[in-house]
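A quick write-up on the structure given underneath.
Predicted model, so just to flag it, every value in this text is computed and none were measured. By convention in this document, chain letters (A, B, ...) are assigned in the order of the sequence lines, proteins followed by strands, and residues within each chain are numbered from 1.
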2 protein chains.
Amino acid sequence: MAEKMADKIVTEMAPGTPPRSAARPRKEMIAETKAKLIAAARHAFARQGYAEASMDDFTAGAGLTRGALYHHFGDKKGLLMAVVTQIDAEISDRLCEISSRADNTWRGFVDECVAYIEMSLEPEIQRIMLLDGPAVLGDPSQWPSQSACIRTTTASIQKLIDDGTIRPVDAEATARLVNGATLSAALWIASAEDPKAVSKKAVEAFLTLVSGLLVER
Amino acid sequence: MAEKMADKIVTEMAPGTPPRSAARPRKEMIAETKAKLIAAARHAFARQGYAEASMDDFTAGAGLTRGALYHHFGDKKGLLMAVVTQIDAEISDRLCEISSRADNTWRGFVDECVAYIEMSLEPEIQRIMLLDGPAVLGDPSQWPSQSACIRTTTASIQKLIDDGTIRPVDAEATARLVNGATLSAALWIASAEDPKAVSKKAVEAFLTLVSGLLVER
DNA sequence: TCAATTCACATACGGCACGTATGCGAATAA
DNA sequence: TTATTCGCATACGTGCCGTATGTGAATTGA
């Protein structure tokens with residue numbers, strides 16, 4: 001632990017720092033510390049769950065102590081919020097890419113939903129985003145990240161309304177309903193004995209359900 | 001605390017107990033203790049959340065100690081499970097009654113869903129069943145109570161398939177999707193600034209969505 | 001009716017995890 | 001170069017939980 005400290009100091013002094021305002025390395029160190037804490041927490045929360053994850057343990061795993069955590073994130077909840085925001089952004093990015101890759105808008109929308117279900121099967125996302133996140137931080141719609149992935153879905157739906165593919169409904173409301181449905185499906189599939197079979201049934205039923213949105217099916 | 005103990009002893013000795021096998025009062029005392037613990041926990045979990053609720057506090061509120069809790073429920077999780085099972089049964093009952101009161105099956109199904117959304121607006125149900133329950137006990141589909149209300153919805157859907165109102169989908173899969181959608185809607189509404197307005201939008205969108213299930217809409 | 005046993009529940013103990021207060025030392029600013 | 005900021009570690013107190021143990025009332029059997 002003491003040598004690690006020394007390591008850091010060496011590396012940060014290594015590059016030729018311009019004489020005036022060597023402010024960068026300082027900021028970089030801070031950013032690195034934050035990133036380390038978020039990464040460590042993310043692993044711990046995913047593997048053990050939020051409640052069981054000991055701050056002493058996973059901060060030590062990152063070569064730090066709880067002091068750094070409290071300094072940067074306020075408390076354990078604050079750190080969870082940071083982790084959630086990071087994952088939320090990643091999901092949003094992946095969804096955007098998928099929907100933009102499809103031939104037509106409707107196809108893109110469906111692909112997006114299926115992709116969301118698949119992502120929700122990842123244990124990390126289930127545990128952090130679907131189970132512990134809401135319990136500790138309250139409903140996602142209240143999160144500062146404002147659930148980027150909800151906004152993504154809302155945008156997709158709005159596009160479908162605009163181009164006349166689906167009936168004129170409230171885009172956000174529909175996005176939330178669809179989101180909830182896919183989320184529930186994911187939890188179901190993940191805890192099923194035969195995920196493959198259940199997944200097939202879920203997707204089929206989902207397609208039938210969303211066909212209700214179409215102007216003509 | 002000591003006098004309370006005395007009270008109990010007096011009341012239980014009061015009625016004329018038949019000579020043979022006075023086993024009832026004993027069983028009744030146990031059932032009463034369990035019920036008290038469940039009720040106290042239910043209040044505490046609803047008001048403060050599972051994690052913040054102190055076992056010492058709410059058992060004392062019921063005139064008991066943690067000793068009784070561990071004896072009957074094993075641990076805090078076990079008690080939460082008992083609370084969840086109780087609430088689950090209540091919800092199921094209410095849903096059954098509502099759907100059976102409607103003129104036709106489809107109407108009953110829709111009423112049931114709307115009622116579910118409304119119930120989910122109750123803080124107690126939100127907190128215990130939708131937030132803490134899944135986080136602590138895992139996905140509802142794994143609960144011993146097997147989520148009675150999911151079964152209720154599944155039954156309703158199966159009936160609708162049988163009488164040709166909706167297209168032949170997998171009943172359970174659809175029930176879960178619909179359930180997830182309504183659940184998500186409830187969380188959204190509950191945390192909205194203007195619940196009335198949001199509720200209206202959610203129900204509208206919901207009706208559009210489930211129209212996809214109908215054979216002819 | 002009386003002794004033995006069960007068992008519902010309380011008490012006592014140890015430990016872990018958290019939040020706060022405080023201290024140090026390096027980077028910045030003057 | 002001196003003063004100050006601030007990122008982070010250390011130290012301390014507290015509350016909550018799980019287990020081990022104790023006790024007295026209810027039950028069983030002769």
A:Leu64, nearest nucleotide to its side chain (from D:dC8, C:dA8, C:dC18)
D:dC8
Expressed as a whole number of angstroms, how long is the span from B:Glu52:CD to C:dA17:P?
17 Å
Distance below 4.0 Å between B:Thr33 side-chain N/O and C:dA8 OP1 or OP2:
no
Given C:dC18, D:dT10, D:dC17, which nucleotide is nearest the side-chain atoms of A:Thr65?
D:dT10
Find the distance B:Asp56:CG to D:dT14:P and express it as a whole number of Å.
17 Å
Specify the separation, in whole Å, of atom CG of A:Asp75 and atom P of C:dG19.
6 Å
Any chance the side chains of A:Asp139 and A:Ser141 put a donor and an acceptor closer than 3.5 Å?
yes
Check B:His43, B:Arg47, B:Arg42 against B:Glu124 for a side-chain hydrogen bond (donor to acceptor under 3.5 Å, both in side chains) and give me the one that passes.
B:Arg42
Determine whether a donor-acceptor pair (N or O, by modelled atom type, separation under 3.5 Å) exists between the side chain of B:Ser184 and the backbone of B:Gly180.
no
If you check every side-chain atom of A:Ala68, which of C:dA17, D:dC8, C:dC9 has the closest atom?
D:dC8
Rounded to whole Å, the CZ-P distance (B:Phe73 to C:dA8) equals 12 Å
Tell me: CZ of B:Arg66 to P of D:dT21, nearest whole Å?
16 Å
Would you indicate which nucleotide in C:dA8, C:dG19, C:dA10 comes nearest to any side-chain atom of B:His72?
C:dA8
Indicate, with a heavy-atom threshold strictly under 4.0 Å, whether A:Ala53 touches base, sugar-phosphate, or nothing.
sugar-phosphate
How many angstroms lie between CG in B:Leu95 and CZ in B:Phe109, if you round to the nearest 0.5 Å?
11.0 Å
Rounded interatomic separation in angstrom, taking NZ from A:Lys77 and C1' from C:dA17:
16 Å
Spacing of B:Met55 atom CE relative to D:dT19 atom P, expressed in whole Å
10 Å
Any A:His71 side-chain N or O less than 4.0 Å from OP1/OP2 of D:dG7:
yes
